[in-house]
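What follows is one structure encoded as structure tokens, with my remarks underneath.
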Amino acid sequence: AWARGRTVNARPRVFATRNLPGGALARLAQRVSLEVWPDPGAPAREALAAGARDAEGLLCLLTDRIDAALIKGCPRLRVISSCSVGLDHVDMEAATRRGIPVGYTPGVLAETTADLAFALLLAAARRIVEADGFLRQGRWTWERRWDPDGFLGRDVYGATLGVIGLGAIGRAVAARARGFGMRVLGWSRSLRELEGVEPVELSELLAEAQFVSVHVALTPETRGLLDAAALARMREDAILVNTARGGIVDEAALAAALRGGRLAAAALDVFAREPLDTASPLLDAPNLVLTPHIGSASVATRSRMAELAVENLVAGLEGRAMPRCANPDFADFAAG
Ligand code: DGY
């Protein structure tokens, strides 16, 4: 609003790179001057840079690359809030150097993502996608209406699960596994002691587990953690599930291991490059279930993520502690 040529109640300008489920953005619009990227899908690099250029607050997603050049091109930027738990798309160092707090959404999506990890584990173990295709393609004939050796899979109950990364999602997967009567081995960089999880070295986990589920963040240390050598350490009857980040697994090595029968099956929700390239060797690999990065995709969780992302953003703009701030040394911006 303008009065006598001066701005009063100037509301901070916020650019949101996507409309979000639930009512969080509508409520945000009452407090800030909000511009939401209007087109379907993610803005291209130039559109992102143009939208963010004059913004004080940026509400982004994991599809937006917030690198040092982009941050440099936004001189008024004071707060970044990502509607994601992963932050490998944000140059945290560049943001921190500029004194920009970065909000994220840990915790609220852990159970939903663990549900998907378990759904994928079960789907791969019991060949559900393959069986569905068999039926739909009209191959379920009278003669084969119950085959003694049709679609034989692996038992999940009683098997050994290795959980790589024991943050909130890894722990939620371990809890589900215990409900299935599984033995749970766990590895994390900090070798956490958790009830019902046997802490082991990564090499031991890979060698012993019949199911391996990946739950570490993608960092320079975890990029390529499951490379050809690590995959070769796994049992031939093992099943690998990845709902974390694609860059943690060497996709070409995984496709080769599946083709060569050196790994029983895998299920992936995340890929090194998304969307998955139509020329990816994964698309021809056998015994592989694929989903398009839907780990947190439940109605309730996506709207909880949006709420938390907006709370982080507003707190940062008002100079208050963010409920969830990712900058390691920003005690003033982090409430917990
Ligand atoms: C995240 O928030 O980082 C997840 O990958 C989205 O489901």
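For the numbers below, each heavy atom of this structure counts, side chains included, while hydrogens, waters and symmetry mates do not. Every number for a ligand or one of its atoms is a count from 1 in the order of the listing.
A salt bridge between E111 and R176 is present, with a side-chain N of the basic residue lying under 4.0 Å from a carboxylate O of the acidic one.
Scanning for salt bridge (charged side-chain N to carboxylate O under 4.0 Å, His left out) contacts around R139 gives an empty result, with sequence neighbours left out. Looking at residues two or more places apart in sequence or on another chain, you find no salt bridge (charged side-chain N to carboxylate O under 4.0 Å, His left out) involving R126. A search for salt bridge (charged side-chain N to carboxylate O under 4.0 Å, His left out) contacts involving R233 returns nothing, not counting sequence neighbours.
In this structure the side chain of V79 never reaches within 4.5 angstrom of the side chain of N312, judged on heavy atoms.
Checking R324 against T105 by side-chain atom types alone, no donor-acceptor pair falls below 3.5 Å.
Within 4.0 Å of ligand 1, protein heavy atoms belong to L62, S84, V85, G86, L109, R245, H293, S296, M305, listed by chain and number.
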